[in-house]
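Notes for the one structure printed next.
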Amino acid sequence: TKLTPHAPSSNGSLSLSQLQSTNTNPMRAVPWIRAPIGGVGKSFLASLLAQFSIDLGHKMRVLDLDQSNATLAGFKALGGQAIDLLSDGGFDTEKMDGVMDILVREPGPFIMDVGASVFQDTWRYFTKYDISRGLEEQSRRLVYHVVLCGGTETVHGLSGFEAVAEASHGRQLVVWVNPLRGPVEL
């Protein structure tokens, strides 16, 4: 898989120094990797960001919220934790509250990988409770990472991206383009 980062900069790409500055900002960053469909590289991207931060000497707190395939939790070197967000077959907001407690009470830095199976539920939770603002009040900065995949998945990815872009309200948004299944036509 080849993922290319795109963010607001002079050449449209995110440099390693910009990634590094994400982790040294006094307001702790919380990268949130998301896409509305599976198999587009979310966990791969999350593992790269976690490895990069670990190589910089940061002790990462890797939270794997993927309910159907907890890939990150399987990488022992990353120390990822699989977190179950379901009860009685549905999304459990109290369990998600527990994730928020981790983000607020522990020093971090953090990275969250959200699987496609709870994409809509976590998004509704984050927007309903204005989690971005709440985290900012606790000196945490949510950094949205959205993976766009080419081919037939582009439409799904763009709809998810549009929702994130509208709700990010000037917060940091990073778009990763994955042309594995075809070109990403924007």
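Residues take their numbers from the sequence shown, with the count starting at 1. FYI, side chains are in, hydrogens and waters are out, and symmetry mates aren't considered; it's all heavy atoms of this structure.
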| message | When you measure from the side chain of Arg141 to the backbone of Glu136, do you find a donor-acceptor pair of N or O atoms at a distance under 3.5 Å? | response | no

| query | Who passes salt bridge (charged side-chain N to carboxylate O under 4.0 Å, His left out) against Asp92, sequence neighbours left out? | reply | none

| remark: For Arg181 and Gly39, the nearest pair of non-hydrogen atoms, with its separation, is NH2-O, 2.8 Å

| said: Checking the side chain of Asp64 only, and the main-chain atoms of Thr71 only, is there a donor and an acceptor separated by less than 3.5 Å? | reply: yes

| said: Measuring from atom CD of Glu94 to atom OG of Ser87, what distance do you get when rounded to the nearest 0.5 angstrom? | reply: 8.5 Å

| note | Heavy atoms of Met112 and Leu65 approach each other most closely as SD-CD1, 4.0 Å

| request: Can you see which heavy atom on Phe110 is nearest to which on Pro31, and at what distance? | output: O-CD, 2.8 Å

| query | Could you go step by step and tell me if Ser68 and Asp66 meet the side chain to side chain donor-acceptor pair (under 3.5 Å) rule? | reply | CA-CA 6 Å; Ser68 60; Asp66 192 332; 3.3 Å; yes

| Ala77 to Ile54 - nearest heavy-atom pair and separation | O-CD1, 4.2 Å

| field | Test log, rule salt bridge (Lys or Arg N to Asp or Glu O under 4.0 Å), inputs Glu106 and Arg61 | value | CA-CA 9 Å; Glu106 295 186 15; Arg61 185 73 154 90; 2.6 Å; yes

| Thr127 side-chain N/O to Arg124 backbone N/O, donor-acceptor pair under 3.5 Å | yes

| Least distance between heavy atoms, Val30 atom then Leu142 atom | O-CD1, 3.3 Å

| Partners of Thr122 by side chain to side chain contact (heavy atoms under 4.5 Å, CB included), sequence neighbours excluded? | Trp32, Leu85, Phe91, Met96, Val114, Val118

| Ignoring hydrogens and geometry, is there a side-chain-to-backbone donor-acceptor pair from Gln172 to His145 under 3.5 Å? | no

| Test applied, side-chain contact (heavy atoms from CB on, under 4.5 Å); reference residue, Val174; option that passes from Val146, Val143, Leu49 | Val143

| note | Closest heavy-atom pair, Ala116 versus Lys42, reported as atoms and distance to 0.1 Å, is N-CE, 4.0 Å

| field | For Tyr129, all residues meeting ring pair (Phe, Tyr, Trp, His ring centres under 6.0 Å), sequence neighbours excluded | value | Tyr125

